[in-house]
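Worksheet: one structure, shown below.
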Amino acid sequence: TVKPGLYYNADNSVVNGIIDIWKKNLPDYAQVATPWQWTGDARTGMPYTLNHVDRVPIFHRVWLPTVDNEFVALDIAFPSDGGHNWQNPLYLVFHGLNGGSKEGYVIDFCRERTKEGSTCVVMIARGLSNTPLQGWTFFHGVRTDDAHSAASILRDRVKQPDQVIAGVGYSLGAIVLNHYVSSYGDQVALDISVSISGALDCNYQQLYIRSQRIWQSMIVAHMKDQYLFTKWGDRIYRQLGQRSYQQLMRAKHIVDADAYTGVLYNGYEDLQDFYSQMSSVLVANGTKQSGYFSIPHLILQSFDDPISSWRTNAANEPSSPLYPRNLVNREESSNLVVLLTETGGHVGWPMGWFPHSWNYMNNLVAAGFVSAYVASQDKRTESRSGENEQEEFMEHTDVSVGSDQECATLTLEAQEFLTLASLEKGYLNLKIYNA
């Protein structure tokens, strides 16, 4: 039987360098979990009520053209002084199915990282979070080229030689991040990544009946109200036809809806094909097909997740390829790190008697893992090239003094960042808005 714990390849020197630093500041979640939240349902739902997101970062939106002539929004939050530090980690964030830069856990993550001096870029999945869609191809979980376009523009036009680009994904955003990192191999445009409540083998979701009856029914109802039968309704009706459209209207959970909006709309054979294409590690008939994880990639999963089955990321059977020790010890997935907790819920992990933030998953796990990677790289390279030049450049720019209030005046570094992040100046929108 698989047990909670931290699983990694002891022979991987890069991963070991991260773990040696990270585990010093990572508590056992069982020791810090909120004691009066007894179920995974409570640990999933109550954070949205109890956690505070009073200090909201200011996001600047740019529009990124995709490979198929669509557009996705990149919502960029700079440090509170209005500047951009080219040496601190740069975060690319992938939100969940019904999320965006207005989602509480995304705001919480970006708020804390910008306080530390990092810049956060939230990629809004095409057509979601009230963004426009000009074509017929809307978001689905198999698509990874949007993620690669966003990561590549940051790597090729924004990133400095010693800067780290970290990907952080939540729920369905974590599934997309898993798939992106594993399928692009050495071409992935990130240095390190963290997947929270995602899935490696999505096929197990078809068997998670409790999730379908409770949580997925609520999520799919929101999907219908927000875009399936409103913004995307005409496209879906024309593509599916009246009979299939009526069947979609009767969909009771996400798996039901995927049979039409994922499979039929996009031309996949069936749900097995669709979920297999979405998976990073595929277990079928005792065999495994796996992508290549070329960068350190952390999986955070709780056993009491009421939405996404823990069996999508781990297995009880020691002979299974998804058994954690088998997973991290395979050559193509030796950069994987798997952190399994007994409790935590889905994108939850509340801490202490009076929880007020997503501190465990956002700060101690995601940011802690990235910070440990940066520190481990610093140990390998005692002095970074170009620091003197960077300091000299900073002396000649107008940097605002940080305060408790977000600064809407951008420094030259931040303005340069926004310009570089836009492939075409015409797509750059400097309008500032609160998430």
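Within the 3.5 Å criterion, the main-chain N or O of R155 finds no donor-acceptor partner in the side chain of Q163. A donor-acceptor contact shorter than 3.5 Å links the side chain of H95 to the backbone of A125. Formation of a donor-acceptor pair under 3.5 Å by the T34 side chain with backbone atoms of G352 is found in this model. A donor-acceptor pair is defined here as one N or O able to donate and one able to accept, closer than 3.5 Å; such a pair exists between the side chain of S334 and the backbone of E331. S302 places a side-chain N or O within 3.5 Å of a backbone atom of G345 that can act as its donor or acceptor partner. Proximity of a side-chain donor or acceptor of D75 to a complementary backbone N or O of F59 within less than 3.5 Å is not detected.
Heavy atoms of other residues, nucleotides or ligands lying less than 6.0 angstrom from CD of Q134 number more than 12. Heavy-atom contacts from other residues, nucleotides or ligands closer than 6.0 Å to CH2 of W136 number more than 12.
By the 30° and 60° cut-offs, the orientation of the rings of W232 relative to F138 is parallel. In this pair, W349 and Y29 present their aromatic rings perpendicular. The plane angle is above 60°, beyond the 30 to 60° band. Taking the six-membered ring where the residue is Trp, Y48 and Y105 present perpendicular rings, their angle passing 60° and hence far from 30°.
The two atoms that bring I18 and S376 nearest to each other are CG1-OG, 4.0 Å, heavy atoms only.
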**Study point:** Steps toward side-chain hydrogen bond (donor to acceptor under 3.5 Å, both in side chains) verdict (Y227, N98)
**Key:** CA-CA 10 Å; Y227 47 86; N98 287 327; 3.2 Å; yes

Might you work through the side-chain hydrogen bond (donor to acceptor under 3.5 Å, both in side chains) test for S276 and N203, ending with a clear yes or no?
-> CA-CA 7 Å; S276 296; N203 281 293; 3.2 Å; yes

- [ ] Before giving the answer on side-chain contact (heavy atoms from CB on, under 4.5 Å), spell out for F293 and V181 the whole-Å C-alpha distance, their side-chain angles and the decisive distance to 0.1 Å.
- [x] CA-CA 6 Å; F293 292 85; V181 172; 3.8 Å; yes

side-chain contact (heavy atoms from CB on, under 4.5 Å) assessment of T44 paired with V347:
CA-CA 6 Å; T44 300; V347 192; over 6 Å; no

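Rounding to the nearest 0.5 Å places CG of N329 at 11.0 Å from CG of L336. With values rounded to the nearest 0.5 angstrom, S193 atom OG is found 9.0 Å from F94 atom CZ.
No hydrogens or angles considered: nothing links the side chains of H346 and S308 as a donor-acceptor pair under 3.5 Å. Judged purely by distance below 3.5 Å, without hydrogens or angles, the side chains of D258 and H140 never pair a donor atom with an acceptor atom. Under the 3.5 Å distance criterion, with hydrogens and angles disregarded, no donor-acceptor pair is assigned to the side chains of T144 and H179. No hydrogens or angles considered: a donor-acceptor pair under 3.5 Å links the side chains of R113 and N363.
For D304, the salt bridge (charged side-chain N to carboxylate O under 4.0 Å, His left out) test picks out R43, with sequence neighbours left out.
Taking the six-membered ring for Trp, Y204 and Y208 have ring centres at least 6.0 Å apart.
Under the 4.0 Å criterion applied to side-chain N and carboxylate O atoms, R210 and D41 are assigned as salt-bridge partners.
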